[in-house]
Student: 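This structure is in structure tokens; I'll ask about it shortly.
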Amino acid sequence: MARPETEQDLAEVVRAATEPLRIVGGGTRGMGGAGTPLETGGLAGIELYEPGALTLVVRAGTPVAEVETALAAEGQRLAFEPMDHRGLIGGGGTPTIGGVCAGNISGPRRINAGACRDFMLGVRFVDGTGQVIKNGGRVMKNVTGYDLVKLMGGSYGTLGVLTEVALKVLPAPAETAVLRLRGLSDADAVRALSAGLTSPFEVTGAAHAPQGPGGEPETWLRIEGFAEQMSYRTGKLQGVLAPFGEVEILRDPEETASIWRWVRDVAPFHDTAGDVWRISCKPTEGPQIASRLDAAGLLYDWGGGLIWALLPEGADARARLGDFGGHATLVRGSGQRFHPEPAPIAALTAGLRAKFDPKGIFNPGLMG
Amino acid sequence: MDMPAPNPAILARKARMVQRLSEVLPPDAVIHDEAETRAYECDALSAYACPPMIAVLPGSTAEVSAVLRICHEEGVPVVPRAAGTSLAGGSLPTADSVILGVSRMNDVLETDYDNRVIRVQTGRTNLSVSGAVEEDGFFYAPDPSSQLACAIAGNIAMNSGGAHCLKYGVTTNNLMGVTLVMMDGTIVEIGGAHLDAGGLDLLGVICGSEGQLGVVTEATLRILPKPEGARPILVGYDSAEVAGQCVSDIIKAGVLPVAIEYMDRPCIEATEDFAGAGYPLCEALLIIEVEGSPEEIDVQLGMIKEIARKHDPVELREAQDADEAARIWLGRKSAFGAMGNINDYMCLDGTIPVSALPEVLRGMEALSKQYGLDVANVFHAGDGNLHPLILYNANTPGDLEKCEAFGADILRLCVELGGCLTGEHGVGIEKRDLMLVQYEAADLLAQMAVKDVFDPAWLLNPAKVFPLAVSETRRAVAAE
């Protein structure tokens, strides 16, 4: 195991490596490949934080919690709401910002604010030869050369080891309100979520649990903003959602936060047996696609476009799904984690990995 | 700006190329007459022009694929072109190249409100994407100022931004899927109506790759419900520092306007002479726009006004109705026209951290004296994207070169202060030779490695983005 304290030392480890390395941030997501662990936790700390410019530059091994605390002190936040996988995977560790970026980990607010990759402004990383590379910067608009920042976001360490990331952050709104409907079928729930999302009232969360925290179906829409906005928008949205049933409005900060944490961290599958799949699809097709899974449990986020499914151990969700416009990732369980890609895409993926990691040492076997 | 010398072996194959391309395209889609190819000799960086060997205007993805396959087999460079509005020379041809224009492919293929996406052919103009959905209460957010003319293919190639990207992001944040034709003719589908990539984020690296990785013929774009309303205020200050501080305080207070535009005194004076919008003649003028219902707008503007007043503005004007709102925007929207009325100008596009604004403006003033050329500034202040407009006279020998040197110095200053060379226009040929100011050679090699994978022969738009000396060996392989 290696746990370098500087970018240069990390580069040296990679340069010298002849055997596969398993890139580990906090080790909370269990998504590394085979190999000797290379931990980034030694590269920690906030390099620069300018609240007035909505910019944060942070070393990759910095715990997410440390970043969130620093932002909260200025009334700001990571708007993409990264999931904490520990409850779902059942392991320990401390989630790091590098792990979040490497996995493009985005929570319920992704439907409105964008994904983690949309907030990544710049990266520094070490490629498979031990070369330090930078791309992007710390400014919000930057089209200088190719956008390797996006390519690194969600590459799970297969193209390089992130050492530093620059992120756009956003103000945390003063208030949150949740509109809740009960007892809806999956199909009606997704229709209700669509109705909210196609309104001009900026829904920042749209989720449905066939079995909510109380065991019965619950459907939630979230809005965030100033106090005056809350009353106006909840009133308007109540009208939009009226055809789907009675709408409750929740304004208590603790209660609303706990609902979205429950959705974000896929709480219904904590302490369960079986494999957990994450399916990305066209939102309105969510219920129809999910019905093919014969799942032991389901949770819909992103207005229906993200399905979390609990399946018996070893069950092949992809075989059950057949062809659909999207992809399925095995998040908990053993087997092929990422969805097989069509040949021309697989060739591009393989080509990029061969260029960025010519020794084939970064998380081999993980993506394609 | 140097361009590589045309390859005589390719020029000698012109007749055969015309013949082969005519076999896969309708007769009017292959343009090879020397008078007619002149229509494609430049884009909006009109100081540089060179007619292509041939221009083709395919009407479908299959035709694009056929064209690229032939050019690949023949080893002929291809320069993709959308609407030709690039300010960076992104679609400047070389004499031995085939211009591949997507302008005939401009259909809306599918509109899906429930999933908030539209699928279009990429020759469609930016504004007409919004036009296709606005009656139903939706819009496409990225709004480059050329949006009436520029097309989605070019927006994707350059990752275009606009005035409203502080809230809505730029093209890459609103692009969900593409049909990409690779240089060898292979057609690839990437992304779609689902929200994230299944493997590597190829879409993310294709967007902004300046037509060097493939030709995007269709795109799935995110559309959004239109806000209920929007309203601007105008605030004038006596100093750039104070205006910059005001912007920073607004952002820190947790208000997120959709746009914060900034104009400096030379720009205000020029636009007042030209458009008479009634702007105060001051050092720094801010136009700040917020969205929502009338009551929501009142609340947000109330907070903004309170912050603005703390900094002693020389003027603070709130639009009371649509007419007044239009007048507030009038000067800003006519800024480029006003400059063009005075003289020729070059529009730069550097981005800086907002906190570095006063320093950049001071540096620019010093450079302006040094070069003896005037510069005026329009600035997307919320996101740090500067648009310095350098005035010069194209008919004065040496003026263009002086202007370019001045511009390069401004961009060096942006990079020095933590910013970048280009925020939304792209590198093209214009900033190509400055890339090593911002990046180390290894950083550029990593970027070029991506092109090696998508276009191993370096035939797609090869003379752009990377300094010619840096890309030379790769391009040389193609020329053999």
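Both backbone and side-chain heavy atoms feed into the values below; hydrogens, waters and symmetry mates do not. Each chain gets a letter, A, B and so on, in the order the sequences are listed, and its residues count up from 1.
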Student: Heavy-atom distances under 4.5 Å only: say whether B:Val299 touches chain A with side chain, backbone, both or neither.
Tutor: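 When you check distances to chain A, only side chain atoms of B:Val299 fall under 4.5 Å.
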Student: Got more than 12 heavy atoms from elsewhere within 6.0 Å of CD, B:Glu440?
Tutor: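 Atom CD in B:Glu440 is not packed in, count stays at 12 or less.
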Student: Is the closest basic N to carboxylate O distance between A:Arg124 and A:Glu7 below 4.0 Å?
Tutor: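 Looking at A:Glu7 together with A:Arg124, the answer is yes, because their closest N to O distance falls below 4.0 Å.
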Student: Please state whether the side chain, the backbone, both or neither of B:Asp112 comes within less than 4.5 Å of a heavy atom of chain A.
Tutor: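 The side chain, not the backbone.
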Student: Quick check: closest heavy atoms across B:Ala157 and B:Gly211, and the distance to 0.1 Å?
Tutor: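 B:Ala157 and B:Gly211 have their closest heavy atoms at CB-N, 3.8 Å.
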Student: Taking every non-hydrogen pair under 4.5 Å, which of A:Thr284, A:Ile133, A:Thr144 racks up the most with chain B?
Tutor: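 When all of A:Thr284, A:Ile133, A:Thr144 are compared, A:Thr144 has the most.
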Student: Determine whether B:Asp349 and B:Thr422 satisfy the following criterion, side chain to side chain donor-acceptor pair (under 3.5 Å), listing intermediate values before the conclusion.
Tutor: CA-CA 5 Å; B:Asp349 176 42; B:Thr422 170; 2.5 Å; yes
Student: Non-hydrogen atoms of chain A under 4.5 Å away: do they reach the side chain of B:Met158, the backbone, both or neither?
Tutor: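 Answer is backbone: N, CA, C or O of B:Met158 sit under 4.5 Å from chain A.
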Student: Hey, mind stepping through A:Glu50 and A:Arg138 against salt bridge (charged side-chain N to carboxylate O under 4.0 Å, His left out) and telling me if it holds?
Tutor: CA-CA 10 Å; A:Glu50 257 187 47; A:Arg138 53 169 284 214; 2.8 Å; yes
Student: With a 4.5 angstrom heavy-atom cut-off, could you sort out which part of B:Leu445 is near chain A: side chain, backbone, both or neither?
Tutor: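 For B:Leu445, no heavy atom lies under 4.5 Å from chain A.
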Student: So what's closer than 4.5 Å to chain A heavy atoms on B:Thr186: side chain, backbone, both or neither?
Tutor: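 Side chain only.
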Student: Do the side-chain N and O atoms of B:Gln212 and A:Tyr146 include a donor-acceptor pair separated by under 3.5 angstrom?
Tutor: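 Yes, a side-chain donor-acceptor pair sits under 3.5 Å.
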Student: Is any side-chain heavy atom of A:Glu175 less than 4.5 Å from a side-chain heavy atom of A:Phe226?
Tutor: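 They are not in side-chain contact.
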Student: Top residue by heavy-atom pair count (under 4.5 Å) with chain B, among A:Gly305, A:Gly154, A:Gly145?
Tutor: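 With the most close heavy-atom pairs to chain B, the winner is A:Gly145.
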Student: Evaluate the side-chain proximity of B:Val470 to B:Leu436: yes if any heavy-atom separation is below 4.5 Å, no if none is.
Tutor: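 Of all side-chain heavy-atom pairs linking B:Val470 with B:Leu436, at least one is under 4.5 Å.
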Student: Specify the closest pair of heavy atoms between A:Pro171 and A:Arg77, including all atoms of both residues, with the distance to one decimal.
Tutor: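 Smallest heavy-atom distance, with atoms named: O-NE, 4.0 Å.
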Student: Does A:Tyr49 reach the side chain of A:Val169, with side-chain heavy atoms less than 4.5 Å apart?
Tutor: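 The answer is yes, as the side chains (C-beta and beyond) meet within the 4.5 Å cut-off.
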Student: Which atoms of A:Arg278 are under 4.5 Å from chain B, going by heavy atoms: the side chain, the backbone, both sets, or neither?
Tutor: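 Looking at A:Arg278, just its side chain touches chain B.
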Student: What residue in B:Gly384, B:Gly199, B:Gly192 has the most heavy-atom pairs under 4.5 Å with chain A?
Tutor: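 Top option by heavy-atom pairs under 4.5 Å: B:Gly199.
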Student: Cut-off 3.5 Å, side chains only: do B:Ser471 and B:Arg432 have a donor facing an acceptor?
Tutor: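 No, because no side-chain N or O of B:Ser471 sits under 3.5 Å from a partner of the opposite role on B:Arg432.
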Student: If I measure from the heavy atoms of chain A, does B:Lys226 come under 4.5 Å with its side chain, its backbone, both, or neither?
Tutor: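 Backbone of B:Lys226 only, per the 4.5 Å heavy-atom cut-off to chain A.
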Student: So for A:Tyr156, is it side chain, backbone, both, or neither that comes closer than 4.5 Å to the heavy atoms of chain B?
Tutor: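 Contact with chain B: none, neither part.
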Student: Closest heavy-atom contact between B:Asn385 and B:Glu424?
Tutor: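 Closest approach of B:Asn385 to B:Glu424: OD1-CD, 3.1 Å.
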Student: With only heavy atoms counted, which part of A:Ile111 is less than 4.5 Å from chain B, the side chain, the backbone, both or neither?
Tutor: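 Both backbone and side chain of A:Ile111 come within 4.5 Å of chain B.
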Student: Given a strict heavy-atom distance threshold of 4.5 Å, which part of A:Thr158 is in contact with chain B: side chain, backbone, both, or neither?
Tutor: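 Contact with chain B: side chain only.
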Student: For chain A, which of B:Lys464, B:Met448, B:Gln447, B:Gln300 has the most heavy-atom pairs under 4.5 Å?
Tutor: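 Greatest number of close heavy-atom pairs with chain A: B:Gln447.
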Student: Less than 4.5 Å to any heavy atom of chain B: does that hold for the side chain of A:Val190, its backbone, both, or neither?
Tutor: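 Looking at A:Val190, nothing touches chain B.
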Student: What part of B:Lys451 is in contact with chain A, defined as an atom under 4.5 angstrom from a non-hydrogen atom: side chain, backbone, both or neither?
Tutor: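 Both parts, backbone and side chain.
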Student: The test is salt bridge (charged side-chain N to carboxylate O under 4.0 Å, His left out); show your working for B:Asp201 and A:Lys150 and say whether it passes.
Tutor: CA-CA 6 Å; B:Asp201 190 352; A:Lys150 301 282 181 300; over 6 Å; no
Student: At a heavy-atom distance under 4.5 Å, which candidate from A:Leu170, A:Thr198, A:Leu151, A:Leu159 has the highest pair count against chain B?
Tutor: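 Top count of heavy-atom pairs under 4.5 Å with chain B: A:Thr198.
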Student: Chain A: which of B:Val354, B:Leu203, B:Val205 shares the most heavy-atom pairs with it under 4.5 Å?
Tutor: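 When all of B:Val354, B:Leu203, B:Val205 are compared, B:Val205 has the most.
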Student: Most heavy-atom pairs under 4.5 angstrom with chain B, which of A:Glu228, A:His339, A:Glu74, A:Glu285?
Tutor: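 Highest number of pairs under 4.5 Å: A:Glu228.
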Student: Below 4.5 Å from any heavy atom of chain A, which atoms of B:Asn173 appear? Answer side chain, backbone, both or neither.
Tutor: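 Both the backbone and the side chain of B:Asn173 come within 4.5 Å of chain A.
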Student: Select, from A:Ser199, A:Gly137, A:Ala53, A:Ala347, the one with the greatest count of heavy-atom pairs under 4.5 Å involving chain B.
Tutor: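 Among the listed options, the one with the most contacts to chain B is A:Ser199.
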Student: Establish, from distance only, whether the side-chain atoms of B:Asp196 and A:Ser280 form a donor-acceptor pair under 3.5 Å.
Tutor: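 Indeed, the side chains of B:Asp196 and A:Ser280 share at least one donor-acceptor pair under 3.5 Å.
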Student: Who wins among A:Leu193, A:Asp147, A:Val149 for the most heavy-atom pairs under 4.5 Å with chain B?
Tutor: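 Heavy-atom pair counts peak at A:Asp147.
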Student: Using non-hydrogen atoms only, which part of B:Val450 is less than 4.5 Å away from chain A: side chain, backbone, both, or neither?
Tutor: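 The answer is both parts of B:Val450.
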Student: In terms of heavy-atom proximity below 4.5 Å to chain B, should A:Leu306 be classed as side chain, backbone, both, or neither?
Tutor: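 Neither part; nothing is under 4.5 Å.
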Student: If you look at every heavy atom in B:Gly426 and B:Ala88, which pair is closest and at what distance?
Tutor: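 What the structure gives for the nearest pair is O-CB, 3.4 Å.
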Student: Identify which part of B:Gln245 has an atom lying under 4.5 Å from any heavy atom of chain A, answering side chain, backbone, both or neither.
Tutor: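 Neither part.
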Student: Can you tell me which of B:Leu421, B:Leu195, B:Thr351 forms the most heavy-atom pairs within a distance under 4.5 Å of chain A?
Tutor: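 Most pairs with chain A among the choices: B:Leu195.
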Student: I need the residue from B:Gly208, B:Gly161, B:Ser160, B:Ser355 with the largest number of non-hydrogen atom pairs under 4.5 Å to chain A.
Tutor: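 Maximum pair count with chain A is reached by B:Ser355.
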Student: Could you tell me the separation between the CE atom of A:Met367 and the OG1 atom of A:Thr329, rounded to the nearest 0.5 Å?
Tutor: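 It comes to 8.0 Å.
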Student: Chain B heavy atoms under 4.5 Å from A:Thr55: which part of the residue, side chain, backbone, both or neither?
Tutor: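 For A:Thr55, neither part sits under 4.5 Å from chain B.
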Student: Side chain, backbone, both or neither: which part of A:Arg191 has an atom under 4.5 Å from a heavy atom of chain B?
Tutor: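 Nothing of A:Arg191, per the 4.5 Å heavy-atom cut-off to chain B.
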Student: Of the non-hydrogen atoms in A:Asp301 and A:Ala207, which two are nearest, and what is the gap between them?
Tutor: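 A:Asp301 and A:Ala207 have their closest heavy atoms at OD1-CB, 3.9 Å.
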Student: Which region of B:Phe466, side chain (C-beta onward) or backbone (N, CA, C, O), has a non-hydrogen atom less than 4.5 Å from a non-hydrogen atom of chain A, or is it both or neither?
Tutor: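 Contact with chain A is through the side chain of B:Phe466 alone.
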Student: If you define the side chain from C-beta out and look only at heavy atoms, does anything of B:Gln438 sit under 4.5 Å from B:Lys431?
Tutor: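 No - every pair of side-chain heavy atoms lies 4.5 Å or more apart.
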Student: Which atoms of B:Arg222 are under 4.5 Å from chain A, going by heavy atoms: the side chain, the backbone, both sets, or neither?
Tutor: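 The answer is the side chain of B:Arg222.
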Student: With a 4.5 angstrom heavy-atom cut-off, which part of A:Lys355 approaches chain B: side chain, backbone, both or neither?
Tutor: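 It is the side chain, since no backbone atom gets that close.
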Student: Can you find a pair of side-chain heavy atoms, one from A:Leu54 and one from B:Lys252, that are under 4.5 Å apart?
Tutor: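 They are not in side-chain contact.
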Student: Of the backbone (N, CA, C, O) and the side chain (C-beta and beyond), which part of A:Gln229 lies under 4.5 Å from a heavy atom of chain B, both, or neither?
Tutor: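 For A:Gln229, backbone and side chain are both near chain B.
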Student: Heavy-atom distances under 4.5 Å only: say whether B:Leu256 touches chain A with side chain, backbone, both or neither.
Tutor: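 For B:Leu256, the contact with chain A is made by the side chain alone.
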Student: Using non-hydrogen atoms only, which part of B:Pro227 is less than 4.5 Å away from chain A: side chain, backbone, both, or neither?
Tutor: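 Just its backbone gets close to chain A.
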Student: Regarding B:His425 and B:Glu430, do their side chains bring together a donor and an acceptor under 3.5 Å, going by distance alone?
Tutor: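 Checked: B:His425/B:Glu430 side chains show no N/O donor-acceptor pair below 3.5 Å.
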Student: Counting heavy-atom pairs under 4.5 Å with chain A, which one of B:Gly382, B:Gly418, B:Ser293 comes out on top?
Tutor: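 When all of B:Gly382, B:Gly418, B:Ser293 are compared, B:Ser293 has the most.
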